[in-house]
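Working notes for the structure below.
Bear in mind that the values here come from a model prediction, so they are computed numbers and not experimental data.
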Amino acid sequence: MLGAYKINFIWDNEAQVWIATSDDLHGLILEHESFEGLIHEVQLAIPMLLEIEEKTFTDLTLDFVAHRQERLAYSG
């Protein structure tokens, strides 16, 4: 069985971390200082979350959607 999940990554400029959430995976809220590190943390958490939801899949597709916004102040 194939499962597809959208994972949202948002940069928290104040805390200097990426935050992962998902409307498809209830309970997924993780943070990490690097994008790649957060991907790894999500990959580790998904089997546990699927077990809690009593879902089993032989193949998973993860769509990572990232958003980062920064403000720059220029004087001149």
Side-chain angles (χ1 to χ4, degrees):
M1 183 177 197
L2 177 65
Y5 296 97
K6 179 180 170 186
I7 313 298
N8 300 303
F9 281 19
I10 298 172
W11 176 251
D12 183 329
N13 200 40
E14 188 175 314
Q16 297 289 296
V17 294
W18 284 99
I19 299 170
T21 61
S22 177
D23 292 336
D24 300 329
L25 287 164
H26 302 292
L28 180 68
I29 302 173
L30 297 169
E31 65 179 47
H32 200 278
E33 62 273 357
S34 76
F35 190 85
E36 293 79 14
L38 189 53
I39 288 175
H40 180 71
E41 292 293 320
V42 167
Q43 291 169 334
L44 293 175
I46 286 177
M48 291 182 282
L49 292 171
L50 292 176
E51 185 177 324
I52 290 168
E53 292 185 14
E54 298 180 356
K55 294 180 181 178
T56 58
F57 295 100
T58 55
D59 292 303
L60 293 175
T61 299
L62 304 178
D63 293 320
F64 295 102
V65 179
H67 178 78
R68 181 171 179 162
Q69 181 179 29
E70 294 185 11
R71 246 177 223 197
L72 302 175
Y74 291 101
S75 61

#### Entry: Shared hydrophobic cluster for Leu49 and Leu38 (ILVMFWY, side-chain gaps under 4.5 Å)
yes
### Task
State, with a plain yes or no, whether a side-chain heavy atom of Phe9 is found less than 4.5 Å away from one of Val42.
yes
### Message
Can you confirm whether Glu70 is buried at CD, in the sense that more than 12 heavy atoms of other residues, nucleotides or ligands lie under 6.0 Å from that atom?
### Response
yes
## Note on the structure
Shortest non-hydrogen pair, Asp24 vs Lys6, comes out as OD2-N, 2.8 Å
### Message
Counting only heavy atoms from other residues, nucleotides and ligands, does the tally under 6.0 Å from CD of Glu51 exceed 12?
### Response
no
### Message
Looking at every non-hydrogen atom in both residues, tell me the closest pair between His26 and Glu53 and how far apart they are.
### Response
N-OE2, 3.2 Å
### Message
Taking CG in Leu44 as the centre, count heavy atoms belonging to other residues, nucleotides or ligands within less than 6.0 Å. Is the count above 12?
### Response
yes
### Query
side-chain contact (heavy atoms from CB on, under 4.5 Å) with Ile10: which residues, sequence neighbours excluded?
none
### Query
With hydrophobic residues grouped by side-chain heavy-atom distances under 4.5 Å, do Ile39 and Leu25 end up in a single group?
yes
### Task
List the atom of Trp11, the atom of Glu33, and the distance in Å for their closest heavy-atom pair.
CZ3-O, 4.0 Å
### Message
Parallel, tilted or perpendicular, judged at 30° and 60°: which one describes the rings of Trp18 and Phe35?
### Response
perpendicular
### Query
Would Leu30 and Phe64 show up in the same hydrophobic cluster when neighbours are defined by side-chain heavy atoms closer than 4.5 Å?
yes
### Query
When rounded to the nearest 0.5 angstrom, what is the spacing between CZ in Arg68 and CG in Asp12?
10.5 Å
### Query
Is the shortest heavy-atom distance from the side chain of Leu28 to the side chain of Ile7 under 4.5 Å?
yes
